[in-house]
Amino acid sequence: MVQNFLVDARGVLRPRTEKDGRPKGAVRVISPYDPDARQSIRGNTRWNGYLVHVTETCDADARVNLITDIATTRPIRDAQALPGIHTRLTRRGLLPTEHLVDGGYTSMVHLERAEREHQVTVNGPLPGNPTRQHRQHEGFDRDDFHIDFDRRQVTCPRGQVSSSWHGLYPTSSSTAAPLIVAKFTKGQCQPCPDRSRCTTSRESARNVGFPPRELRDLQARVRAEQ
């Protein structure tokens, strides 16, 4: 009740908004009768309740495909449900060698975990490169930098070598990989004739963040296969 409504300065009971401190849907209790239910959003669809993850066989030669697992969860990222699905399928002796999923399940962290713990190849579209340069199809994005894990250095498209290498930095999302961050100096970046293609900041130099080697190699392999 307190999360969703308030009594304003005029003494009127009204719905609480985010400006009034209403929690986000993923943590806000929406029913006093079912405290685990939450508000869910997928695209333009919104509902109050739970998520259901359904796994079924997809053998080309089978006359009928069978549902092998149903998981009901709170509104979490789809990739977070993947370890539990694989664990239950393992207990039942129904674990596939290849698991076809949609893009919501293809976190690099969980793809690596499925391969390492269960020897399952998770096949689905990977999230795209999030850098501004990649989204806008101009300038130097992260994939244009050469990463040398053995020497712990990164070389930019203009031949400059990073001055420092830091990490691993955890990310705020449980589905995102920890990052290594390589940094260049102002002395390297400010005189560069391609500076505007690399960074829009006039005060700082370019930093490049990327996952550790095993996840980077897995990412490259999966993208090449796709």
Side-chain angles (χ1 to χ4, degrees), residues 23-24 26-27 76-83 86 99 101-226:
K24 299 287 186 180
V27 296
I76 58 176
R77 294 181 182 272
D78 290 339
Q80 292 177 263
L82 207 55
H86 290 157
H99 193 169
V101 298
D102 65 34
Y105 293 87
T106 55
S107 154
M108 288 306 305
V109 171
H110 292 89
L111 262 66
E112 187 276 335
R113 180 176 175 181
E115 191 172 82
R116 171 170 46 84
E117 294 184 356
H118 299 285
Q119 293 75 55
V120 173
T121 298
V122 177
N123 194 338
L126 283 178
N129 187 325
T131 59
R132 172 187 59 82
Q133 295 87 343
H134 185 83
R135 294 195 310 270
Q136 298 177 356
H137 302 290
E138 61 181 21
F140 300 138
D141 67 37
R142 183 175 58 194
D143 294 336
D144 293 319
F145 290 73
H146 175 70
I147 302 171
D148 189 331
F149 285 95
D150 293 325
R151 295 184 177 181
R152 297 169 60 89
Q153 62 186 29
V154 174
T155 304
C156 81
R158 296 288 295 184
Q160 293 290 334
V161 178
S162 58
S163 62
S164 61
W165 175 291
H166 303 278
L168 295 168
Y169 292 115
T171 54
S172 58
S173 170
S174 60
T175 62
L179 292 179
I180 298 169
V181 178
K183 298 183 178 182
F184 295 84
T185 66
K186 292 182 181 179
Q188 292 173 302
C189 293
Q190 288 183 344
C192 179
D194 284 323
R195 179 179 175 79
S196 61
R197 299 182 62 199
C198 195
T199 178
T200 57
S201 174
R202 295 183 178 181
E203 301 299 329
S204 62
R206 179 71 183 262
N207 297 334
V208 181
F210 47 91
R213 174 182 278 176
E214 61 273 14
L215 294 183
R216 179 80 173 177
D217 291 347
L218 177 61
Q219 183 183 63
R221 191 193 77 203
V222 172
R223 284 180 173 172
E225 292 171 352
Q226 291 177 355

CZ-CG distance between Arg206 and Asp194, expressed to the nearest 0.5 angstrom: 12.0 Å
Would you check if His110 and Pro83 make a side-chain contact, meaning some heavy-atom pair closer than 4.5 Å? yes
Taken to the nearest 0.5 Å, the spacing of Phe210 CZ from Ile147 CD1 works out to 4.5 Å
Keeping Gln188 on the side-chain end and Thr185 on the backbone end, is there a donor-acceptor pair under 3.5 Å? yes
So, Asp144 side chain and Asp141 main chain: donor-acceptor pair closer than 3.5 Å or not? yes
Interatomic spacing from CZ in Arg77 to CG in Leu82 - rounded to 0.5 Å: 14.5 Å
Gap between atom OG of Ser164 and atom CZ of Arg152 - 0.5 Å precision: 10.5 Å
Which heavy atom in Leu215 sits nearest to a heavy atom in Ala177, and how many Å separate them? CD1-CB, 3.4 Å
Would His86 and Val120 satisfy side chain to side chain contact (heavy atoms under 4.5 Å, CB included), going step by step from the backbone distance to the final call? CA-CA 8 Å; His86 290 157; Val120 173; 4.0 Å; yes
Spell out, as yes or no, whether a donor-acceptor pair under 3.5 Å connects the side chain of Glu115 to the backbone of Glu112. no
Do Asp217 and Glu214 come within less than 4.5 Å of each other through their side chains, counting heavy atoms only? no
Are Val181 and Tyr169 packed together at the side-chain level, in the sense that at least one heavy-atom pair is separated by less than 4.5 angstrom? yes
All heavy atoms of Gly104 vs all of Asp78, minimum pair found to be O-CB, 3.4 Å
Between NE2 of His118 and NE2 of His99, what distance do you get to the nearest 0.5 Å? 11.5 Å
Atom of Phe184, atom of Gln160 and distance for their closest heavy-atom approach: CE2-O, 3.3 Å
For the residue pair Phe149 and Trp165, categorise the inter-ring angle as parallel (less than 30°), tilted (30 to 60°) or perpendicular (more than 60°). perpendicular
Rounded to the nearest 0.5 Å, how far apart are CD1 of Ile180 and CG of Leu168? 5.0 Å
Between Asp143 and Arg216 (salt bridge meaning N to carboxylate O under 4.0 Å), is one present in this structure? yes
Do Phe145 and Cys198 make a side-chain contact, defined as non-hydrogen atoms from C-beta onward lying under 4.5 Å apart? yes
Kindly give the heavy-atom pair with the smallest separation between Leu111 and Thr106, and that separation in Å. CD1-CA, 3.5 Å
Closest non-hydrogen atom pair between Cys192 and Arg158, with its separation: SG-CG, 3.8 Å
Check whether Asp148 reaches the backbone of Arg151 with its side chain - one donor and one acceptor, N or O, closer than 3.5 Å. yes
Between Asp150 and Arg213, does any side-chain N to carboxylate O distance fall below 4.0 Å? yes
Shortest non-hydrogen pair, Asn207 vs Lys183, comes out as OD1-CG, 3.2 Å
